[in-house]
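Just so it is clear: chains get the letters A, B, ... in the order the sequence lines come, proteins before strands, and each one is counted from 1. A quick note: this is a predicted structure, and the numbers were derived from the prediction, not measured. All values below come from the heavy atoms of this structure, side chains included, with hydrogens, waters and symmetry mates left out.
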Amino acid sequence: MLFKALGKIAQTFVVLFVVSVASFGLLKLAPGDPIQIMLGSEFSQASYDSLRAELGLDQPFLVQYANWAIQFVQGNWGTSYVARAEIFTYAFKEALPVTLTLASFSLVFAILVGVPLGVLSAIKKDTIFDAGSAVLALTGTAFPSFLLGILLIWFFAVKLQLFPVMGYVSPWENFWLGIYHMILPGLTLSTYFIAMITRLTRATLIEVLEQPYIAAARARGEPNWRVVWVHGVRNIAMPLVTILGLQLGVLLQGTVLTETVFNLPGVGQMLTSAVLGREYLVVQAGVMMTAVLFIGVNLLVDLSYPFLDPRLRTSK
Amino acid sequence: MTVQITKGVAAVPIAATPSPSAKSRRSVFIRRPFFTASLLIAAAYVLAAIFAPYVAPFDPVKQDFNVMMKAPSVVHWLGTDSYGQDILSRVIYGARYALIIGIFSVMIGAVGGLIIGLAAGLSGGWAEWGLMRLIDAILALPSLILAVAFIAILGQGVDKVVIAVGLSMIGPFARTVRSDVMQVRVQLFIEAAQLMSISYLRVVLRHVLPNVIFPLAVQVTIRVSEAILVSSSLSFLGIGVTPPTPDWGLMIAEGRDFVSFAPWMSAMPGFALALLLIALSIVGDGVREEFDPKLRRDS
C-alpha cells in the first residue's frame with residue numbers, strides 16, 4: 001500500500017512537471033517581444049543583446065525553464081502592473097483565499113443539502129418526489145451558473161432586498177457578515193453540485209439497500225432510520241469523494257464565473273482582468289495555481305481510498 | 001469534465017425503460033418522449049440560426065435610443081437593451097453564433113483528440129507514457145481555465161473563441177480515443193490482419209479507425225453543449241466575442257449591470273441559452289444510451 005501510494009505521488013509530480021513546462025511554454029507563445037516592450041521604441045542592437053543576455057533569454061529553452069521554475073517555487077512570480085503588486089501576493093495571498101473560501105463553502109452546502117435529498121429520493125423511489133428531484137437534477141446540471149446568479153441577485157437582492165447585491169467580506173475576519181455575503185454566490189455555485197450529489201446518492205443507496213447485509217440488519221430488528229442512515233449512507237463516501245475529485249474542475253470554473261457575477265476579488269476576476277490587460281505572468285500564475293490545486297486534490301482523493309474502504313487496505 | 005457525472009446521472013434513467021423485447025419493437029422517438037421533444041427544440045434553434053434574417057423582426061445591431069431598456073411589449077416581444085437593440089432579434093441571431101462556435105470548436109477538439117489519442121494508443125512504450133502524461137496535464141485544467149489561457153495568447157473574436165474552446169476540449173477526446181484504441185488493438189481481427197501482412201497504415205485506417213470513429217461521433221454530440229457553455233462563459237467574462245456581436249453570453253453580461261431595472265436584458269438570452277443546453281444534454285444522453293453498448297443495461 002505504501003509502495004502504491006509512493007507511485008501515485010511520483011506520477012503526480014510528473015504531471016505537475018508537464019503542466020509547468022506547458023504553462024512556461026505558453027508564456028513564450030504570447031505575442032510581443034518582452035525586450036522590445038522593456039526598451040521602448042528606440043534602442044540599439046547592442047543594448048537589445050545585452051538585456052537579452054541579462055534576462056537569460058538567449059539560453060536554451062530548458063535552461064530558461066529551469067531558471068523560471070526555481071524562481072517560481074521560491075515565490076518570485078513577477079510583478080503585476082495592473083494590480084500594482086507582486087503577483088505572488090496578489091494571486092496567492094489575496095485572490096486564491098477568496099476562491100477557496102467560496103468553493104469550500106459551496107461544497108459543504110451542496111453535501112449538506114444533496115446527500116439528504118438523495119437519500120429521500122432513494123427511499124421514496126418511483127414517487128412524485130423522486131421524479132421531481134430527477135427533473136431538478138437535470139435542470140441543475142445543465143443550467144448555466146452565471147444566469148442563475150443573476151436571477152438570484154434579481155430576486156433576493158433587488159426584489160426582496162434580503163441579501164447584498166455584490167461585494168466580498170472575508171468570513172475569516174467577520175464571520176457572520178462574511179457568511180451573509182457568501183449565501184447568494186454559494187447558492188449559485190452549489191446548485192450544480194446539489195443536483196449531482198442528489199443523483200449520485202440516490203443511485204448508490206438504491207444499490208446498497210438491496211445488499212444482503214441490509215436485509216440482515218432489518219432482520220435483526222434495527223429501526224429503519226438506522227438501517228438507512230448508518231448502514232446505508234456510509235457507502236456514499238467513496239463514490240462521493242471520487243466524483244468530487246473529478247468534478248473539482250467544474251467547481252473551479254464555476255467559481256470563476258460566480259466571482260464575476262458577484263464581483264468577488266478571486267482568481268476568476270484576476271484571470272479576466274489579466275487577459276484584458278495582457279498580463280501573461282498573471283495568467284500563468286492563475287493557470288499554475290489551478291493545476292496544482294486540481295492535481296493535489298486528486299492525489300488526496302486517490303490516497304484517501306484505503307481510509308474510506310477497509311477492503312482496499314490489504315496490499316496486493 | 002462533465003462526462004463523469006452525466007454518466008452517474010445516466011445510469012439512472014429518468015423514464016423507466018421497458019423490457020428489451022419491447023425496446024426493439026418501438027421507435028426511439030416513442031420510447032423516449034423527452035429525447036424527441038429535446039431534439040425538436042434543438043432543431044428549432046438550428047432553423048432559427050439558419051433563417052435568422054427572415055425570422056428576426058429587427059436588425060440585431062441597429063441601435064435606437066428612443067426605445068432604450070423597454071420592457072417586453074407587442075413591438076419588442078422580449079424587450080430592448082441599453083442601446084435600444086431588439087432583444088428577440090439578438091437572441092435569434094445569437095443562436096447562429098452559439099451553434100457555429102459550438103460545432104466548429106467541438107470539431108477541432110475531436111480531430112485533435114483523435115490524432116493524440118491514436119498516437120498514444122498505437123505507439124506503446126515510452127511514447128505512449130509521455131503522451132498520456134501530456135493528456136493528464138491537459139486534463140488537470142478545467143476547460144474554461146484552459147480556454148482563458150488560450151484567449152490570453154490569441155486575443156478576442158469569434159474565430160479566436162472557436163480555436164481556444166476547441167483546443168481546450170482536446171484532452172477528454174484524446175483520453176476516450178486512446179482507451180478505445182487500447183480495446184481494439186488486442187482484438188483477434190487486428191492480429192489476423194497483421195498476419196495477412198496487410199500494411200500497418202492500412203490496418204490502422206481500415207480496421208482500427210472505424211472502431212474509434214463511431215464512439216467519437218457519439219462523444220461529439222454530447223460535448224457540443226459543453227462547447228457552447230464554455231464559449232458563452234468566455235463572452236460572459238468579457239474576454240470572448242466582442243460587442244456588438246449578438247452573443248448570448250455577452251448579452252447576459254451587459255444586462256448584469258441593469259438587473260435592478262431591466263432584468264429581461266440578461267434573462268431572455270439566458271433562458272435561450274439554458275433551454276438549448278438542457279435540450280442538447282438530453283439529446284446527448286439519449287444518443288449515448290442508444291449507441292453505447294456499455295450503458296445498455298436496464299438498472
Side-chain angles (χ1 to χ4, degrees), chain A residues 11 14-19 22-23 26 29-31 126 131 134-135 137-139 141-144 146-147 150-151 153-154 158 165 195-196 199-200 202-203 206-207 239 243 246-250 252-253 256-257 260-261 268 271-272 274-276 278 280 283-284 286-287 290-291 294-295 298, chain B residues 1-2 4-6 8-9 11-12 14 16 34 129-130 133-134 136-146 148-156 225 229-230 232-233 236-239 248-249 252-253 255-256 259-261 263 266-267 269-271 273-274 277-282 285 299:
Chain A
Q11 194 165 336
V14 173
V15 174
L16 215 50
F17 171 73
V18 178
V19 169
S23 84
L26 201 77
L29 285 175
D126 300 328
V135 172
L138 180 75
T139 324
T141 44
F143 207 76
F146 47 96
L147 173 63
I150 291 176
L151 294 178
I153 290 182
W154 173 72
V158 176
V165 174
M196 190 195 80
R199 297 317 283 169
L200 180 78
R202 177 188 180 275
I206 285 176
E207 214 167 285
I243 220 150
L246 291 169
Q247 295 287 303
L248 185 71
V250 179
L252 290 175
Q253 64 189 25
V256 166
L257 292 166
T260 307
V261 174
L271 274 175
T272 315
V275 170
L276 291 173
R278 304 212 160 267
Y280 303 111
V283 175
Q284 189 186 34
V287 166
T290 314
F294 187 86
I295 295 170
N298 275 293
Chain B
M1 286 288 94
T2 40
Q4 285 86 7
I5 77 101
T6 24
V9 176
V12 195
I14 291 156
F34 280 111
W129 189 84
R133 296 294 83 75
L134 182 69
D136 282 347
I138 298 173
L139 289 171
L141 282 167
S143 46
L144 179 62
I145 310 278
L146 209 52
V148 168
F150 287 126
I151 284 286
I153 294 168
L154 294 167
Q156 292 177 257
S225 63
L229 180 61
V230 172
S232 51
S233 301
F236 174 75
L237 292 174
I239 57 177
W248 295 335
I252 298 170
R256 195 195 71 131
V259 67
S260 41
F261 35 91
S266 289
F271 286 134
L273 172 65
L277 290 178
I278 292 171
L280 284 179
S281 85
I282 295 175
D285 279 351
S299 52

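Only the side chain of B:W129 comes within contact range of chain A, judged by heavy atoms closer than 4.5 Å. Of the atoms belonging to A:A22, not a single heavy atom falls under 4.5 Å from chain B. Residue B:L280 does not touch chain A at all, counting heavy-atom pairs closer than 4.5 Å. Contacts between A:L257 and chain B at a heavy-atom distance below 4.5 Å involve backbone atoms as well as side-chain atoms. Proximity to chain B is limited to the side chain of A:V283, based on heavy atoms less than 4.5 angstrom apart. For B:S232, the parts lying near chain A are the backbone and the side chain together; criterion is any non-hydrogen pair under 4.5 Å. Residue contact with chain B, scored on non-hydrogen atoms closer than 4.5 Å, involves the backbone and the side chain of A:V256 alike.
The minimum heavy-atom distance linking A:Y280 with B:A152 is given by the pair CE2-O, 3.1 Å. Here the closest heavy-atom approach between residue B:A149 and residue A:V287 is recorded as CB-CG2, 3.9 Å. For B:P142 against A:L252, the heavy-atom pair with the smallest separation is CG-CB, 4.2 Å. Residues A:L276 and B:Q156 approach most closely at CD2-OE1, 3.7 Å, considering heavy atoms. The two atoms that bring A:V19 and B:A137 nearest to each other are CG2-CB, 3.5 Å, heavy atoms only.
Atoms CG and CG, on A:N298 and B:D136 in that order, are 10.0 Å from each other to the nearest 0.5 Å. In this structure, CZ on A:F143 lies 6.5 Å from CD1 on B:I278, to the nearest 0.5 angstrom. Distance CZ/B:F271 to CG/A:L151: 5.0 Å, rounded to 0.5 Å. If you take CD1 on B:I145 and CZ on A:F294, they are separated by 11.5 Å, rounding to the nearest 0.5 Å. With values rounded to the nearest 0.5 angstrom, A:L271 atom CG is found 12.5 Å from B:I151 atom CD1.
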Before giving the answer on side-chain contact (heavy atoms from CB on, under 4.5 Å), spell out for B:F236 and A:T272 the whole-Å C-alpha distance, their side-chain angles and the decisive distance to 0.1 Å. CA-CA 10 Å; B:F236 174 75; A:T272 315; over 6 Å; no
Could you go through A:V275 and B:L237, starting from their C-alpha distance and side-chain angles, then the distance that decides it, and tell me whether this counts as side-chain contact (heavy atoms from CB on, under 4.5 Å)? CA-CA 10 Å; A:V275 170; B:L237 292 174; over 6 Å; no
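Put simply, the side chain of B:R256 gets close to the backbone of A:V261: a donor and an acceptor are under 3.5 Å apart.
Of the listed residues B:A140, B:S266, B:G270, the one with more heavy-atom pairs under 4.5 angstrom with chain A than any other is B:A140.
Contact annotation: the side chain of B:I252 approaches that of A:I150 to within less than 4.5 Å [non-hydrogen atoms, C-beta and beyond].
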